[in-house]
Amino acid sequence: MLQLSSFRLLFAGVLLLGLLLGVPLWGRAQPTASVPARPVIVGAYAQGSFIIAHTPAVKHLAVSHPTGFELNVQRQTTGLAPWHAWYRYPKIGLALVYYDYHNPVLGQSYAASIYLNKTFLRTARQELNFRLGTGLGYFTNDFSQETNHKNTIIGSHLNATLQMRVEYDLAVSEHLGLLVGLGLNHYSNGATTKPNFGINLPSVVLGLNYHQQRPFRPMLPATDDKPIDVGRNFLNLSTSLGYKQRNESDQRKYLVNSVSAIIGRRMNRKSNLLVGVEGFYDRSLSAELRDTVRAGERLPDVKKAGLLVGHELLFGRLAVVSHLGFYIYNPYKSNKFYYERLGLKYHFTDVLFGAVDLKVHRGAADVIEWKVGVKL
């Protein structure tokens, strides 16, 4: 179900650059004595979880009740960049998460993630937030055919993590808040290494937050100004590469390339709409064919071409990307006729951008794409 949730594996660097470096620098407002430039919230939470048996192959591991602990620090956006007000002044955070799975097959995990915390309800004493984050996780025990063959969930030490959470924060003093939450943590390596069923952890969260400033007061009020490129069209040209493993018995990593040409239009402050074409060359499919074809039989072309429609949710120079594509050239039908893509894109300049995407087929990770391109 949530194997696609490992979207943007290893894209924590892109997100970190966009959120921690790029975002706070846009704007010239200065703090006052009573209003910090970017108020800080520091939190410590305990977590109790269970493992979802989302496929029969992991049922034997979905028997323990993992427990975890989290330390995090958040910076409250205050209006230094225009998009802060568009999203009602969200928080930007960094979390360090430890889990003990109470199972010798799985061991423990350590993760660091960057996240955005969107407020839906805010009063002087309480907040209701939705948190979405991503980063990297390290598992002490991964799959090994010789020493840990029962670990069908985690195929490599290094994994991506996705966090989704609803949080309620109630003030118990001027600066201290009691936090309760319900969340989902997901870990997977995006098919870079097999097996790759991934682990899904629904969690109950309980902890404390220290608020540097409460109640929150924005430095700059919201305005009706809109970006100058709203209503304008643009062209994105890009290329990507990725690596994937075929199965547990074939340990080689196969190169996957793609090229794309996408036409987009800035619809409003928050959104771009996209339509485009792209081509793929997955060398693991050639190896798969060589293993199954009869001697002397002609091999079909493994190259593919597709049409896509998509959306970009904009946070300044950072964008959350989602695509739905349909293969129009697909001689070797190794998968469904459609594909999805989820990822992050960051504009280093007005022309040059980089992205890390996860391409999936029907919810199953296909390949991590490291992308570079230009916007014209």
Side-chain angles (χ1 to χ4, degrees), residues 1-13 43-72 94-115 131 133-165 181-207 243-251 253 358 364-365 368:
M1 176 181 65
L2 280 174
Q3 281 184 298
L4 63 84
S5 301
S6 62
F7 67 90
R8 302 166 296 243
L9 178 73
L10 304 181
F11 59 90
Y45 315 145
Q47 302 190 33
S49 307
F50 66 92
I51 301 172
I52 296 178
H54 58 282
T55 176
V58 303
K59 281 186 176 181
H60 63 291
L61 295 174
V63 294
S64 64
H65 294 278
T67 55
F69 185 76
E70 175 183 321
L71 294 174
N72 66 66
L94 169 65
L96 304 176
V97 181
Y98 165 80
Y99 261 104
D100 186 341
Y101 295 90
H102 304 291
N103 185 326
V105 175
L106 297 175
Q108 295 83 38
S109 66
Y110 304 84
S113 65
I114 305 297
Y115 61 89
R131 166 174 158 176
T134 185
L136 293 176
Y138 179 85
F139 277 73
T140 58
N141 298 1
D142 65 345
F143 173 83
S144 170
Q145 192 68 56
E146 294 77 24
T147 62
N148 199 18
H149 66 277
K150 293 184 178 180
N151 189 356
T152 53
I153 287 183
I154 298 297
S156 60
H157 286 297
L158 189 64
N159 289 263
T161 177
L162 176 76
Q163 299 174 335
M164 296 180 289
R165 185 185 300 168
L182 294 174
L184 177 69
N185 292 334
H186 174 76
Y187 295 90
S188 176
N189 66 47
T192 304
T193 304
K194 299 291 183 71
N196 181 51
F197 289 110
I199 186 167
N200 301 310
L201 301 170
S203 302
V204 177
V205 182
L206 179 65
Y243 293 91
K244 61 187 292 188
Q245 183 178 322
R246 289 173 56 206
N247 50 52
E248 294 88 337
S249 59
D250 185 354
Q251 297 296 312
K253 298 291 194 298
L358 178 66
I368 304 292

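Hydrogens, waters and symmetry mates are skipped; everything else that's a heavy atom, side chains included, is used. None of these values were measured; they are calculated from a predicted model.
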[X] side chain near [Y] side chain, heavy-atom distance below 4.5 Å:
X	Y	answer
L94	N72	no
V204	L182	yes
L61	Y101	no
H54	N200	yes

Check ring-ring contact (aromatic ring centres under 6.0 Å, His included) between [X] and all other residues, then give those that pass, not counting sequence neighbours.
X	result
Y138	H157
Y98	Y110
Y45	none

Query - Pairs where residues 62-71 contributes a residue and the test salt bridge (Lys or Arg N to Asp or Glu O under 4.0 Å) is met, not counting sequence neighbours - result: E70-R131, E70-R165
Compare every heavy atom of [Y] with every heavy atom of [X], then report the nearest pair and how far apart it is.
X	Y	result
A95	Y115	CB-CE2, 3.8 Å
T192	I368	OG1-CG1, 3.9 Å
P66	I51	CG-CG1, 3.9 Å
T193	Q245	CG2-OE1, 3.4 Å

Mind checking side-chain hydrogen bond (donor to acceptor under 3.5 Å, both in side chains) for [X] and listing every partner two or more places apart, or none if nothing turns up?
X	answer
Y99	Q47, S49, N185, S203
T67	H102
H65	none

Report task. Answer yes or no: does atom NE2 of H60 have more than 12 heavy-atom neighbours from other residues, nucleotides or ligands under 6.0 Å? Result -> yes
Judged by atom type as modelled, is there a donor-acceptor pair below 3.5 Å linking the side chain of [X] to the main-chain atoms of [Y]?
X	Y	value
N148	N141	no
T161	G137	no
T147	S144	no
K194	R246	yes

Kindly write out the residues that satisfy side chain to side chain contact (heavy atoms under 4.5 Å, CB included) with [X], not counting sequence neighbours, or none if the list is empty.
X	answer
P104	none
A53	K59, A62
L96	A112
L206	L178, V180

Nearest-0.5 Å distance, [atom1] of residue [X] to [atom2] of residue [Y]:
X	Y	atom1	atom2	answer
N159	N196	CG	CG	7.5 Å
I199	S109	CD1	OG	7.5 Å
F139	I154	CZ	CD1	4.0 Å
Q108	N103	CD	CG	10.5 Å

**Report entry** Test log, rule side-chain contact (heavy atoms from CB on, under 4.5 Å), inputs N151 and L106
**Finding:** CA-CA 7 Å; N151 189 356; L106 297 175; 3.5 Å; yes
Report task. Check the side chains of D142 and S156 for a donor-acceptor pair under 3.5 angstrom, ignoring hydrogens and angles. Result -> no
